[in-house]
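Working notes, structure below.
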Amino acid sequence: MNGENAKDSPIGIFDSGVGGISVLKALEKELPHENFFFYGDQKNAPYGEKTEEEVRALSLSAYRFLKEHGVKATVIACNTATSAAAPFLREKYPEDIIVGMEPAVKPATLFAQKIAEREGECFPHSEEKKILILATESTLKGNRLHHLIDRLKDKGEYILLPAPGIVRLLEEGKGFGEEMQSYLKDLLKPYPKGSVSSIVLGCTHFPFVKKEIEKALGYSIPFFDGAEGTARETAHRLAEKNLLRKTGESKLTLYSSSGDNRLLESFYRLPLSAPL
């Protein structure tokens, strides 16, 4: 894909549902002149409760759909799909730009180290410097996350906590009510103030419920997610191939596999909390 016309082609983004909208917003901020085509596979959500083979098949279907719509790059805006399908897709389409998600474990670790240095404590043995990683069960079991933690294991202590209910409730349009609060309070009860230094949001759905998480905890805490890093990597990959669109208004297409875009549109209108 070359030439000025190619620069006008959209960046494709896919997720199992509304969560990838959080990545879309980071991409729009990093690349304000680009066109975007967002595919939310709500018909098959959530991916986090499916087998690796099922996620790989669904990801391939989503990827082919985006290619049919002429995208110049594809962002896998789902940690579960990245872990299960990114290597497979890159092998199948070696010439294409395919960018995945990476849980923000490294920046959370650096943040915890800074706290330790400031307070003169011996990291990571302090109970207060543990890092809580919230994600779907598939992401927590995946090799991608464990390889990342293995590289950093001497620098931090990590608690892996599956939170599949967040995705389910968000996809059902119940993200901000009593049912979500009840779920989060039960989930986070073992983590009182001071027990962890930060929370890594290992699912693209989770940034939408930062305030709900803090409300359930009863205290403020730093959050880290991989959306900004993914946006920067996308910009870098496009620049390498001279495909950056540097002028003009951005256009967005939202598409749901369910045939009903209303939930996607609703989440697109929601503001995200300012990143740390």
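Each of L31, V71, N35, L24 was compared with I11 under the side-chain contact (heavy atoms from CB on, under 4.5 Å) criterion, and only L31 meets it. Put simply, the residue from K72, K246, R245, K29 that forms a salt bridge (charged side-chain N to carboxylate O under 4.0 Å, His left out) with E34 is K72. Of the residues listed (E172, E171, E178), the one engaging K174 in a side-chain contact (heavy atoms from CB on, under 4.5 Å) is E172, and it is the only one.
Taking OG1 of T234 as the reference point, atom CD1 of I98 lies at 12.0 Å (rounded to 0.5 Å). One distance of note links CZ of F111 with CD1 of I131; it measures 9.5 Å at 0.5 Å rounding. Annotation: the span from L187 atom CG to K185 atom NZ amounts to 13.5 Å, rounded to 0.5 Å. Taking CD of E54 as the start and OG of S138 as the end, the distance is 9.5 Å to the nearest 0.5 Å. For the atom pair CG (L188) and NZ (K215), the distance works out to 14.0 Å, reported to the nearest 0.5 Å. Considering CZ of R237 and CG of L244, their distance stands at 12.5 Å, rounded to 0.5 Å.
Linking Ile, Leu, Val, Met, Phe, Trp and Tyr residues whenever their side-chain heavy atoms come within less than 4.5 Å places V196 and L217 in a single cluster. A single hydrophobic cluster is not seen to contain both L66 and L58; linkage of ILVMFWY side chains at heavy-atom distances under 4.5 Å, directly or through other members, places them apart. Both L132 and M180 belong to a single network of hydrophobic side chains, linked directly or stepwise wherever heavy atoms of I, L, V, M, F, W or Y lie under 4.5 Å apart. Under the 4.5 Å side-chain contact rule for hydrophobic residues, I13 and V55 do not share a cluster. The hydrophobic cluster containing V200 does not contain L110, counting ILVMFWY residues as joined when their side-chain heavy atoms lie under 4.5 angstrom apart, directly or transitively.
Between the side chains of S257 and D41, at least one donor-acceptor pair of N or O atoms lies under 3.5 Å. Checked by atom type, the side-chain pair T109/Y158 shows a donor-acceptor distance below 3.5 Å. Between the side chains of Y268 and E28, at least one donor N or O lies within less than 3.5 Å of an accepting N or O.
Proximity of F176 to K211: side-chain heavy atoms (C-beta onward) are nowhere separated by under 4.5 Å. When side chains are defined from C-beta on, K106 counts as touching L152, because their heavy atoms get closer than 4.5 Å. Residues S198 and F224 are in side-chain contact: their nearest non-hydrogen atoms beyond the backbone lie under 4.5 Å apart. Counting heavy atoms from C-beta outward, T204 and D225 have side chains that stay 4.5 Å or more apart. Between L170 and V209 the shortest side-chain heavy-atom distance falls below 4.5 Å. With contacts defined as side-chain heavy-atom distances shorter than 4.5 Å, the pair F206/I199 does not qualify. S250 places none of its side-chain heavy atoms less than 4.5 Å from the side chain of H33. The closest side-chain heavy-atom distance from L184 to E212 is below 4.5 Å.
Although no hydrogens or angles enter the test, the distance criterion places a donor-acceptor pair under 3.5 Å between the side chain of S195 and the main chain of P192. No donor-acceptor pair under 3.5 Å is formed between the side chain of Y47 and the backbone N or O of S16. The closest donor-acceptor contact from the side chain of H147 to the backbone of G142 lies at 3.5 Å or more, if one exists at all. A donor-acceptor pair is defined here as one N or O able to donate and one able to accept, closer than 3.5 Å; no such pair exists between the side chain of K241 and the backbone of D96.
The environment of CD in E240 is crowded: more than 12 heavy-atom neighbours from other residues, nucleotides or ligands sit within 6.0 Å. Around atom CD of E53, more than 12 heavy atoms belonging to other residues, nucleotides or ligands sit under 6.0 Å away.
Contact detail for A227 and V23: the closest heavy-atom pair is CB-CA, 4.2 Å. In plain terms, the two heavy atoms of N44 and K50 that are nearest each other are O-NZ, 2.8 Å. In this structure, I221 and S197 approach most closely via the heavy-atom pair CG1-O, 4.0 Å. Of all non-hydrogen atoms in C203 and V167, the two that sit nearest each other are SG-CG2, 3.7 Å. Smallest separation of non-hydrogen atoms from S256 and N261: N-OD1, 2.8 Å. Nearest heavy atom pair, residue F38 against residue G17, reads CZ-O, 3.5 Å.
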Audit row: L27, R232, side-chain contact (heavy atoms from CB on, under 4.5 Å) steps and yes/no: CA-CA 8 Å; L27 286 162; R232 289 192 297 269; over 6 Å; no
L254/Y39 under side-chain contact (heavy atoms from CB on, under 4.5 Å): CA gap, chis, key distance, verdict: CA-CA 6 Å; L254 297 174; Y39 175 82; over 6 Å; no
Hey, mind stepping through Q42 and V18 against side-chain contact (heavy atoms from CB on, under 4.5 Å) and telling me if it holds? CA-CA 8 Å; Q42 292 179 282; V18 300; 3.9 Å; yes
Please walk me through it: do Y191 and L161 pass side-chain contact (heavy atoms from CB on, under 4.5 Å)? CA-CA 11 Å; Y191 307 102; L161 183 62; 3.8 Å; yes
How far apart are the C-alpha atoms of E214 and K210, what are their side-chain angles, what is the distance that settles it, and do they pass the salt bridge (charged side-chain N to carboxylate O under 4.0 Å, His left out) test? CA-CA 6 Å; E214 286 192 329; K210 288 179 184 178; over 6 Å; no
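R90 pairs by the salt bridge (charged side-chain N to carboxylate O under 4.0 Å, His left out) definition with nothing, not counting sequence neighbours. Considering only residues two or more places apart in sequence or on other chains, R262 meets the salt bridge (charged side-chain N to carboxylate O under 4.0 Å, His left out) condition with D260.
Between F208 and F267, the ring planes lie perpendicular to each other; the angle is over 60°, past the 30° to 60° tilted range.
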What donor-acceptor contacts under 3.5 angstrom involve side-chain atoms of residues 79-88, with partners at least two apart or in another chain?
from	atom 1	to	atom 2	distance (Å)
N79	ND2	G202	O	3.1
T80	OG1	T136	OG1	2.9
T80	OG1	T139	OG1	3.0
T82	OG1	I76	O	3.4
T82	OG1	C78	O	2.8
T82	OG1	M101	N	3.0

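Between F65 and F14, the ring centre distance reaches or exceeds 6.0 Å. Side-chain rings of Y93 and Y63 approach one another, their centers coming within less than 6.0 Å.
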